[in-house]
Amino acid sequence: MIFDGVKFLILPNASTAALQFITKLIEDNGGHVIERMSEVHGKILVLVNDSYVTEDYKLRDEKYFRKEFQLDYDAVWQFIFDHDLPCLNVSSVSDWIAKGELNVAHIALIDTSALENDETQENFPSSSANSEQPSPACTAEMKDTKTSHSESETDIEGFVEMSPSSNSPMPAPSVIPDPPVIKANEKYVRLTEIPRMNSQLIDAMQRLYKKYDIKGDHFRSRGYKLAKASIEKCPFQIKSGEQAQLELANIGPSIAKKIQTILASGTLPGLDDSSELDQRLEYFTNCHGIGTHTAKRWLALQYTSFTDVLRGSPQEFVSGWPSLLGWSYFEDWSRKISRTECEKHLSVVKQCLSEIDPDCQVELQGSYNRGSQTCGDIDLLFFKENCDNLVVIAEIFERLVSLLHSRGYIQCILQLTPDLFDEFKSKLKGIFDKCELPFPAKNHFGNDRHIHKYYLGVKLTKHQYRSEELLRAGQYLHLKPCDNFMSSSSKKSENPCRRLDFFCCKWSELGAARIQWTGSGEFNRWIRLRAAKMGYKLTQHGLFKGGQKLESFDEGVIFDTLDVPRIPPEEREQGLWMTKLNEKNTVA
DNA sequence: AGGCAATACTG
DNA sequence: CAGTAT
DNA sequence: GCCT
């Protein structure tokens, strides 16, 4: 369907009958219309009620517009500015449906200068970029339009037609020399295609990233990951490798050359033929506990499946028993988790926690906290007001895990204390028995009394679970048939086992801990690198200088000290934060 | 040419 | 310490 | 891989 996976935000609201009809149209065609602030993240197409858009694409009746606003006015606009989200007329929807394609390969600007969201410099002069030639037929897949004059990346500027059904061409817009450069927080919102601009290049970067990632070539892999992020946030169509290298961050000579090859030939040699060996490597590393080293070692021993390993080197699974669980839940743990399910898990844990220590608090971190629609796992951070004694928390943890296990919620645990071993013993023995491995002695499983993090496998009950959440969650990995006998994963539409992580922190380190566990990983690396360059050290325990702790409780102070804006969690996804302070890519 | 985040847990 | 995880 |  033409709107598959596309999120729309209708402003100021979607309450009128006409807009409800539009909403239904969108959803009937696979799209989603945002209703709550918590859904405002990621890539969104913003649709503005036509009655608030003037003929020259400015916002009108701002007072009413604001009054009618359904969500947080300032927050929404901030988000739109920060991410250069495209704003279109709602009537575009019927156009797309009539044409059978989501064609946003035009660039239009809705002038939002009426908004008093000012905080940076002066307004831009009133020039707003206009279309040069409406070419309704051209899609994102445009060819050589005109010669690229200057560096104007824009080839395709034109306004989207307003009339739902009529094909009357747009009134020829006045031609203005160059579109203004769009930067965050300026008074213009750029309309750009959202679904996948430069999708072929992004896909290539993704594959190259993956290729070197599983090979363990950490830094090269990261190079591609960052390049991918740069391209993803690139608002225009890349036309040459040289251009990309010149205008985007994280594109060097090597990637520029590859881009050029892709643009010229349509493919990159050696990309599609992901070798047989790479595929085996990837299969192994998709198992929790199996990294690139182990995978390579197994490959060298000619193993193709976990069953091969079990037969040839059974010791691998005895010493690395967590990977036995990774094998068992290989499929379930590759499935994505909906936000609503994350919330249910939180409430289950909260309930038990309150029975153990009502003063101990827990909150969702990780990708959930960053606003992702689906999460790979669930990260929970525990803390207790005015409590810096981690032994106390560790004891709460142990009792909590025990209680959750006794209620059937916890399916397995990837790390044990001596006490918990007794409770999980039979479950573990069952797994060892299933693959006919000798069950090791107790002291083989974990001797630390106090543990500050737990990696768990958990399940909601069928009653708590709504299977339609699962159906939406998409594809997941599968074991090879010969490995299936060890699988504990759920059937098609049953409640799957989920990965749940427990972390804890001292009360005094709450801010630093939240930064760490909210992530993203790339965000942590970026901000920590920045801290290091400034002579600080940032960890989950706090911000330090010269071995001395400067701040750890107040997240905001840490950001302030590092001289970065207080970036909210939703903007800590890959790629979004980079451009903020990374001077290079705001080049005109 | 050298750096690329920083830390926790396990065998 | 190396390996895997966050 | 890219950046300094």
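Letters A, B, ... are given to chains in the order of the sequence lines, protein chains preceding strands, and every chain is numbered from 1.
- Listed by residue number, the members of residues 291-326 of chain A with any heavy atom below 4.0 angstrom from DNA chain C are A:Gly291, A:Thr292, A:His293, A:Thr294.
- Within residues 208-222 of chain A, no residue has any heavy atom under 4.0 Å from DNA chain C.
- Pairs engaging residues 256-294 of chain A under the ring-ring contact (aromatic ring centres under 6.0 Å, His included) rule: A:Tyr283-A:Phe306, A:Tyr283-A:Phe330, A:Phe284-A:Trp298, A:Phe284-A:Phe306 [sequence neighbours left out].
- Within the structure, every pair that satisfies the side chain to side chain donor-acceptor pair (under 3.5 Å) test and touches residues 320-333 of chain A, not counting sequence neighbours, is listed here: A:Asp332-A:Ser490.
- In this structure A:Arg399 satisfies the side-chain hydrogen bond (donor to acceptor under 3.5 Å, both in side chains) test with no other residue, sequence neighbours excluded.
- Within the structure, ring-ring contact (aromatic ring centres under 6.0 Å, His included) pairs that include any residue of residues 407-436 of chain A comprise A:His345-A:Tyr409, A:His405-A:Phe424, A:Phe421-A:Phe445, A:Phe432-A:Phe439 (at least two apart or interchain).
- Interface residues of residues 539-556 of chain A facing DNA chain B, ordered by number: A:Thr539, A:Gln540, A:His541; criterion, heavy-atom separation under 4.0 Å.
- For DNA chain C, the span of nucleotides reached by chain A at under 4.0 Å from its heavy atoms goes, 5' to 3', from C:dG3 to C:dT6.
- DNA chain C is contacted by no residue of residues 420-442 of chain A, taking any non-hydrogen atom closer than 4.0 Å.
- The ring pair (Phe, Tyr, Trp, His ring centres under 6.0 Å) check on A:Tyr209 picks up nothing, with sequence neighbours excluded.
- Identified under the salt bridge (Lys or Arg N to Asp or Glu O under 4.0 Å) test for residues 370-385 of chain A, with sequence neighbours left out: A:Asp357-A:Lys384, A:Arg370-A:Glu573.
- Contacts between residues 508-519 of chain A and DNA chain C, defined by a heavy-atom separation below 4.0 Å, involve A:Gln516, A:Trp517, listed by number.
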